[in-house]
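Along the sequence shown, the residues carry numbers beginning at 1.
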Amino acid sequence: GIGSDTGGSTRMPASFCGVVGYKPSKFRIPTEGAFPLSYTLDSIGPLAKTVAQCAAADAVLSGENPWALEPAPLAGLRIGVAQGLPLRDLDDTVSLRFSSAREALNRAGARLSDETIPYWEDVGRVQAKGSFSSVESFAIHRAWIDTRGDDYDPNVRVRIEAGRNVSAADYIAMQRERARLVRAMAERLADLDALIMPTTAIVAPTLAEVASVPAFQAKNVIILRNAAFVNFFDLCAISLPMPREGGLPCGLMLVAKNGDDHHLFRMVAAVEKLFA
């Protein structure tokens with residue numbers, strides 16, 4: 001399948017459903033023809049059963065020639081294990097499987113290092129008055145919200161309307177601060193091949209757990225958190241199912257620098273083989 005990914009919408013469902021989801025470097029795939037949510041953050045990417053299928057779809061979407069996906073040697077890869085906020089509030093299933101995935105990569109010879117990155121906390125600070133997706137989606141939907149607001153799913157409407165009162169000056173300041181942080185993150189990741197973290201902090205919630213708007217919002221925040229970092233910092237990422245014995249699926253997310261998409265595919269193909 002082909003999806004739009006503004007804060008994780010190819011990777012989060014992939015994590016919940018035990019398949020592969022890919023968010024490309026934004027510049028590689030045009031968004032023309034896809035209804036926008038956020039002009040700043042929207043990316044287009046595939047979900048598939050395998051990494052190779054995602055790579056094949058990406059070649060078509062990006063207008064590149066098909067290429068033979070050869071797994072990269074895991075031994076010697078410089079893989080940072082994200083610390084701090086990306087590992088906060090993990091449920092027991094995700095915590096256990098992420099620990100096992102990390103141990104498997106270590107045994108395979110990857111050079112793992114714990115990486116504390118202060119910029120995670122800046123994402124919430126920059127978007128404290130409203131997220132890019134809420135501000136830009138409100139600009140897109142405002143006429144319909146005002147005339148046909150009752151037709152919107154309440155969980156969707158409340159997120160769009162969060163951007164109603166953000167001023168143009170605030171929005172410009174947000175854009176400038178994000179640009180600075182994108183550059184700072186690129187410098188911070190320069191010596192790493194990839195970062196790893198759980199795609200989502202929890203497994204898929206039940207319908208009963210998201211039955212009310214406040215309950216939905218609380219779950220949505222924790223589910224979006226890790227995946228949304230990738231869009232904010234203009235990176236590329238793939239969610240790969242972690243091995244499981246029973247229970248619900250959850251994903252391991254490998255994150256790479258902007259433009260490193262082919263290298264990312266080769267690394268994730270090797271991890272997929274390791275997990276098989």
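- Side chain of Ser99 to backbone of Ser95: no donor-acceptor contact under 3.5 angstrom is found.
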Could you go step by step and tell me if Asp150 and Tyr152 meet the side-chain contact (heavy atoms from CB on, under 4.5 Å) rule? CA-CA 5 Å; Asp150 290 343; Tyr152 280 73; over 6 Å; no
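- Checked by atom type and distance alone, the side chain of Thr10 pairs as donor or acceptor with a backbone atom of Tyr22 at under 3.5 Å.
- Residue Ile29 comes nearest to Pro24 through the heavy atom pair CD1-CG, 3.8 Å, listed as atom of the first residue, atom of the second, then distance.
- Side-chain contact between Phe275 and Pro241: absent, with no pair of heavy atoms (C-beta onward) separated by less than 4.5 Å.
- Between Ala34 and Ile44, the closest heavy-atom pair is CB-CD1, 3.8 Å.
- Other residues, nucleotides and ligands contribute at most 12 non-hydrogen atoms within 6.0 Å of the CG atom of Asn165.
- One finds the OG atom of Ser131 at 13.0 Å from the CZ atom of Phe138 (value rounded to the nearest 0.5 Å).
- Remark: side-chain polar atoms of Lys26 are paired, donor with acceptor, to backbone N or O of Asp42 under 3.5 angstrom.
- Rounding to the nearest 0.5 angstrom, the gap separating the CE atom in Met12 from the CZ atom in Arg225 is 12.5 Å.
- Rounded to the nearest 0.5 angstrom, Gln217 CD and Leu224 CG are separated by 11.5 Å.
- Taking all atoms of both residues into account, the shortest heavy-atom contact from Glu136 to Tyr39 is OE1-N, 2.8 Å.
- Contact annotation: the side chain of Arg28 approaches that of Asp58 to within less than 4.5 Å [non-hydrogen atoms, C-beta and beyond].
- Side chains of Thr40 and Ser38: a donor-acceptor N/O pair is absent below 3.5 angstrom, by distance only.
- Between the side chains of Asp261 and Ser25, at least one donor N or O sits under 3.5 Å from an acceptor N or O.
- Proximity of a side-chain donor or acceptor of Asp91 to a complementary backbone N or O of Val203 within less than 3.5 Å is detected.
- The shortest side-chain heavy-atom distance between Asp234 and Arg178 falls under the 4.5 Å cut-off.
- Interatomic distance, Phe98 CZ to Ile196 CD1, rounded to the nearest 0.5 Å: 4.5 Å.
- Transitive grouping of hydrophobic side chains (ILVMFWY, heavy atoms separated by less than 4.5 Å) keeps Leu248 and Ile222 in distinct clusters.
- Hydrophobic clustering of Ile, Leu, Val, Met, Phe, Trp and Tyr side chains at less than 4.5 Å, counting indirect connections, keeps Leu90 apart from Met253.
- Of all the heavy atoms in Val271 and Leu105, the pair that sits closest is CG2-CD2, 3.9 Å.
- The closest donor-acceptor contact from the side chain of Asp5 to the backbone of Ser43 lies at 3.5 Å or more, if one exists at all.
- Proximity of Glu115 to Arg188: side-chain heavy atoms (C-beta onward) are separated by under 4.5 Å at one or more points.
- Pro36 places a side-chain heavy atom less than 4.5 Å from the side chain of Ile140.
- No continuous path of ILVMFWY side-chain contacts below 4.5 Å connects Val94 to Leu85, so the two sit in separate hydrophobic clusters.
- Ionic pairing of Asp191 and Arg78 is not present here: no N-O contact between side-chain nitrogen and carboxylate oxygen is shorter than 4.0 angstrom.
- Scanning both residues, Gly18 and Pro249, for their nearest heavy atoms gives N-CB, 3.5 Å.
- Counted within 6.0 Å of CZ on Arg176, heavy atoms from surrounding residues, nucleotides or ligands total 12 or fewer; the atom is thus considered open.
- Using cut-offs of 30° and 60° for the angle between ring planes, the Phe233 and Phe229 rings count as tilted.
- Phe232 is not listed as a side-chain neighbour of Trp120, based on a closest heavy-atom distance of 4.5 Å or more.
- Here the CG atom belonging to Leu235 is positioned 6.0 Å from the CG atom belonging to Leu189, to the nearest 0.5 angstrom.
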Would Met185 and Ile117 satisfy side-chain contact (heavy atoms from CB on, under 4.5 Å), going step by step from the backbone distance to the final call? CA-CA 9 Å; Met185 181 64 83; Ile117 299 176; 3.7 Å; yes
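- Open room surrounds CG on Asp92; 12 or fewer heavy atoms of other groups in view lie less than 6.0 Å from it.
- A 6.0 Å sphere centred on CZ of Arg125 holds more than 12 heavy atoms belonging to other residues, nucleotides or ligands.
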I'd like to know whether Met242 forms a side-chain contact (heavy atoms from CB on, under 4.5 Å) with Thr199, so could you lay out the CA-CA distance, the side-chain angles of the two residues, the decisive distance to 0.1 Å, and finally the verdict. CA-CA 10 Å; Met242 288 191 276; Thr199 309; over 6 Å; no
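- Side-chain contact between Ile202 and Ile223 is present, with heavy atoms from C-beta onward closer than 4.5 Å.
- No continuous path of ILVMFWY side-chain contacts below 4.5 Å connects Ile238 to Leu192, so the two sit in separate hydrophobic clusters.
- Under a hydrophobic-cluster definition in which Ile, Leu, Val, Met, Phe, Trp and Tyr are linked whenever side-chain heavy atoms come within less than 4.5 Å, directly or via other members, Leu252 and Val230 are assigned to different clusters.
- The shortest side-chain heavy-atom distance between Phe132 and Asn231 does not fall under the 4.5 Å cut-off.
- Nearest heavy-atom pair, Asn220 versus Arg159, reported as atom, atom and distance to 0.1 Å: ND2-CZ, 3.4 Å.
- With values rounded to the nearest 0.5 angstrom, Arg157 atom CZ is found 9.5 Å from Asp151 atom CG.
- With salt bridges taken as basic N to acidic carboxylate O contacts below 4.0 Å, none links Arg266 and Asp193.
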